[in-house]
Structure formats: structure tokens, C-alpha cells
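Residue numbers start from 1 in every chain, and the chains themselves are labelled A, B, ... in the order their sequence lines are given, proteins ahead of strands. Excluded from the calculations below are hydrogen atoms, water molecules and symmetry mates; all remaining heavy atoms, backbone and side chain alike, are included.
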2 protein chains.
Amino acid sequence: MHATEISPLTKKLAAFVALSDGDLAVLARLHQKRRSFGAGREMVHEGETEQSAYILAKGWVCSYKLQPDGTRQIIDFQIPGDFLGLRSVLLRTSDHSFEPIVDILAAEVPKKDLLEAFTNTPRLATAILWVASRDEAMVVEHLVRLGSRDASKRMAHFLLELGARLTLVGLGSKSGYACPLRQYHLADALGLSSVHVNRVLRDLREAGLVSFRDGQVKFLDYAGLVKLAGFYTAYLDETGPLLL
Amino acid sequence: MHATEISPLTKKLAAFVALSDGDLAVLARLHQKRRSFGAGREMVHEGETEQSAYILAKGWVCSYKLQPDGTRQIIDFQIPGDFLGLRSVLLRTSDHSFEPIVDILAAEVPKKDLLEAFTNTPRLATAILWVASRDEAMVVEHLVRLGSRDASKRMAHFLLELGARLTLVGLGSKSGYACPLRQYHLADALGLSSVHVNRVLRDLREAGLVSFRDGQVKFLDYAGLVKLAGFYTAYLDETGPLLL
DNA sequence: CGTGCCCTTGACACGATTCAAGGCTAGTGG
DNA sequence: CCACTAGCCTTGAATCGTGTCAAGGGCACG
């Protein structure tokens, strides 16, 4: 049904593993059951037991945890080509909630189909595990960002990481990308107040490093931003998976 | 050789899965190759490709990432019964470094043995994957701690989490536990200066909540501490794994 | 008896939050 | 077509939490 279009996930995987025609066919099959979700309506609540995962095809999602005092900490953003709830299918109930940031389109992947794909196409399985492992590395990097960098470095690093991820699925480049996030999303993700996010963005813009406006991130001085952020891509690049 | 003693890992797994004699035998076999490492000497460096994982039998380890500016962020502590480098065996090179905090004793688990155990004892495999997934949930919780809690809540939450983990392997209780960490370990883990860690510890002690002294953590008012920290154990308790 | 490591405390500086007010823009109903 | 509203962004001023700097104390070890 969507046979001719190349999905973002396929694009991402292809950057790291040579996929056979068989792999591609299975991947296409996993993309069959399309569903859409409206912006702002929670998809999965913390603690729910899911039977399906999703592959995000279009739009952005965030995963977060709510605190007793009402603040929320955004753990990660999902962009096209990312899995949603992969872990909860493989292992346990979800330990955080998901919410679409804009209207999204996602392919539902029932547990059964996923497990089948795993047994039938080992190379694809490896690639998917590699993706999961990369996601985990990004969470760790986010942790480091929160624990030991000041506001502008956090921001710089975060915007660069997003850029790198989007570039991999053809939605970004070293000059910038479209970004539907609000300043309060940045605040909740980076552990800052939205007022301060605003100030930091102004500073970065006035320093000629990066601008965040009208849904567009524009890198004005990529190298300078990388230097400020201490942005090393080792945790993202990974030359490819080895096994399981 | 160590046939009679119950390893911490076994204790931990047994709390969640009913292990058969076969499972126990395999587990015991994984514990055979004992090695020791001296405190402070880095075991694995970020980026290294490991061929073995370890099961920590005695002592504490921390995993961390170093920043360009020399500060380090501790990502997690490993206590007896925890795996070290499990991910790097299954999937990819390690993305952070490990360092023993005290002299430790660990069982080396070669990749081959681990994979064998996975195929031969599916129930054990599930249990181990469950452990890995729990570790990941703890990293997420740590991220939340750093992003959206002030210093005393971070500290309170952290000390409680450690207590819960240690209790599971018989090394702690609701009244306290032995803890070889220095104040600078807490600082590096919680994203605080060690000076401030010191102040926070004093405050908590004077508030009659918890004391951290001479290698002993003593809970003076467990319920009060839980309340201050907003400590909910859902992410740790997990009534048990379902599958793979 | 010294030396080094860690803990402790105080004074001060700085980064981030909070509070408050106002502006812009898109959407809504008169 | 024009109020009017609701979100979101922007800015300033005051406050608070945490970091930095500096000095001293305790304890273990050589």
C-alpha cells in the first residue's frame, strides 16, 4: 500500500546495515497498520501494559514522567523513524508516558509480528536491537547533559543531537531543521524554567550560534556550537552492530 | 567451588522468578571464573569493545562519563548481584567507563557462556533481560532526579533507591546499610558540588531523616524521607517479567 | 611527626527561578 | 469586520539555590 515510499526507519537502518530484499519486505510489512493520533492526547500512560509497539512515521512525540508536584520531566523525543514502546513489548510495562507533540502518523506493530520478524530475519533483528541500544545511549547522554552542564551548553548540545538524529532520516542538515517543539518542551526536557529557556535561546541567537524561531532551528555557526556544547557524536555514530 | 554460598545475583533473581534446579546450576556455572580488581583502577574505558561481562560478587563499582572540562558524571552504581557490561556484550561497545569504588570480586562471564545460557535456559534468559530492563528504568529515574528535583530531594531519593536495591540482595534494610561511597561520589552522581552535598547531608541529618556517616547510611525516619523524596518504587518492584 | 585525603564551615558570587507585566498571533463569537 | 480570548513568547526585577573560594579540622598512613 505504501510500497513505493521509503520509510524513515528504513532510511535510518540502511545507514548502518546492508538490508536484503527480504529484510526490506519484512520492514514494509511492519509498516502496514497505519494509525493517527491527535496532538496533546496521551497515547500510553505510565504503568500500562502494551501489546503493541509503534513506528513513528510522521510527527513528533515525547516520553515523560510526571512528578508528584506536577512538574514533568521529558525523557526523550521521538521523531520519524523511531520506535515507541519497543521495550514495553519486549520486556515489561512502560515506565513512562507518551504524548504526541503534533498530530502524528504511526504504524502499529503487534507483539506477534515483531517477534516473528525477529526470528525470521536475524539481520533485521540485529538492526532493531542496535536502534534500541542507541536510544538507550541517548538517554544516558541526556542524563549527563542534565547532571553536568549549564543551561546554554545543555541547549546547544540538545539542539545538535536532534539535528544529527533528524539528518539521519532526511529531515535535517548542518544548516538546520523544522522543529515543532515549544519553548516549554525544551524547558521540561532540559530541566529549566521556560523563562530561562527563552533567555538562553536569545543569548545563543545573539552570539550568532543558532536560532530557534517559528518552528525552525537554524545553525548559524555549526562548528562554534559544537565547540560550546562539547558535542561528540561517538554515542550516535556507531559504525554498526556486531551481533546477537 | 562456591557451591554452597548463594550469590547476590541468585538472591535477586529468585525474588522475581521461580528458578529451577537447572537454572540454578547454570547460574552457579556463570559464577565460576572469579576475578578481583583494585579500588580506583578503571576496569573498562569508554569505547572499549568487551568480550566479557561481569557479575559483581562483592564491593561497589560506578559507571561514569568524563566531560571535556574534566568533570565526571556518574551514571550508576553497581552493587553485588549487578551485571557489569551486559549491554556491551549483547550489542555494542561500552559507552561509558567503569571503576571499582573499593576492592571488588567479580565473576567473569565470557560472551559465549552467556549466549549459551540464554539459549539453554529460557527462563533464566528472561530473568536476566528483566534485570537489564530494570537497570534501564533506574537510569531513567536518575535522569528525572537530575532534571527536576532540588538537592535534598535528589539526595533523599538516591539514598532510598540504593537502600531498596541493597535490601533485595540482603545487604540493607529499612533501618540502613553499609555504604563505601564518599561525598564526592554523591556529588558526581547527583550533579552537585561536594561542598553542597556536605550541607545537604547535614540538613537531612539535623532534620532527623537520614544520616550518612562513617560508611553507614542510617534511616532515622524512613516514612518522612520517602515523603520528602517522592519515592515511589513502581520502577523497581515490577512483579515479574512476562516474556521474550 | 608529618603528609594527604576527606570532611566541614563560612562568606561571597552567580546562575536559574519566580513573579509580574506586556506583546504577538491565531482562533472565536458578536 | 471587529472585539475578545487564550496560548505562547519576551523582558525586567527581586529572590533563592547552588557553586566557588578559602581556611581549618580529623584521621589514617608512612
Heavy-atom closest pair, residues V102(A) and P180(A):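 Between these two residues, the closest heavy atoms are CG1-CB, 3.6 Å.
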Taking every non-hydrogen atom, the tightest pair across A57(A) and P8(A):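 Answer, listing the atom of A57(A) first, then P8(A): O-CG, 3.8 Å.
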Plane angle bin for F77(A) and H185(A) - parallel if under 30°, tilted between 30 and 60°, otherwise perpendicular: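 Perpendicular, since the angle between the ring planes exceeds 60°.
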Ring geometry between Y235(B) and H157(B) (parallel below 30°, tilted from 30 to 60°, perpendicular above 60°):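 Correct class here is parallel.
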Please tabulate, one pair per line, each protein N/O and nucleotide N/O from nucleotides 10-17 of chain D that are separated by under 3.5 Å, including the distance.
unit_1	atom_1	unit_2	atom_2	d
dT10(D)	OP1	R213(A)	NH2	3.3
dT10(D)	OP2	Q183(A)	NE2	2.6
dT10(D)	OP2	N198(A)	ND2	2.7
dT10(D)	O5'	N198(A)	ND2	3.2
dT11(D)	OP2	R202(A)	NE	2.7
dG12(D)	N7	R199(A)	NH1	3.4
dA13(D)	N6	R199(A)	NH2	3.4

[X] [atom1] to [N] [atom2], straight-line distance once rounded to whole Å:
{"X": "D214(B)", "N": "dC6(C)", "atom1": "CG", "atom2": "C1'", "answer": "12 Å"}
{"X": "L192(A)", "N": "dT17(C)", "atom1": "CG", "atom2": "C1'", "answer": "10 Å"}
{"X": "L190(A)", "N": "dA16(C)", "atom1": "CG", "atom2": "P", "answer": "11 Å"}
{"X": "L181(A)", "N": "dC9(D)", "atom1": "CG", "atom2": "C1'", "answer": "15 Å"}
{"X": "Q216(B)", "N": "dC7(C)", "atom1": "CD", "atom2": "P", "answer": "15 Å"}
{"X": "K153(A)", "N": "dC14(C)", "atom1": "NZ", "atom2": "C1'", "answer": "15 Å"}
{"X": "R154(A)", "N": "dG15(C)", "atom1": "CZ", "atom2": "C1'", "answer": "11 Å"}
{"X": "Y184(A)", "N": "dA6(D)", "atom1": "OH", "atom2": "P", "answer": "16 Å"}

Check: Y54(B) ring centre within less than 6.0 Å of F98(B) ring centre: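 Distance test on ring centres: not under 6.0 Å, no.
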Enumerate the protein-to-nucleotides 21-23 of chain C contacts in which both atoms are nitrogen or oxygen and the separation is below 3.5 Å.
none

Residue from N198(B), L186(B), V197(B) passing side-chain contact (heavy atoms from CB on, under 4.5 Å) with F212(B):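 When side-chain contact (heavy atoms from CB on, under 4.5 Å) is applied between F212(B) and each of N198(B), L186(B), V197(B), only L186(B) qualifies.
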E99(A) with K65(A): basic N within carboxylate O range, under 4.0 Å: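 Answer for the salt bridge query: no.
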Side-chain ion pair, R149(B) and E141(B), N-O less than 4.0 Å: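 Salt bridge present between R149(B) and E141(B).
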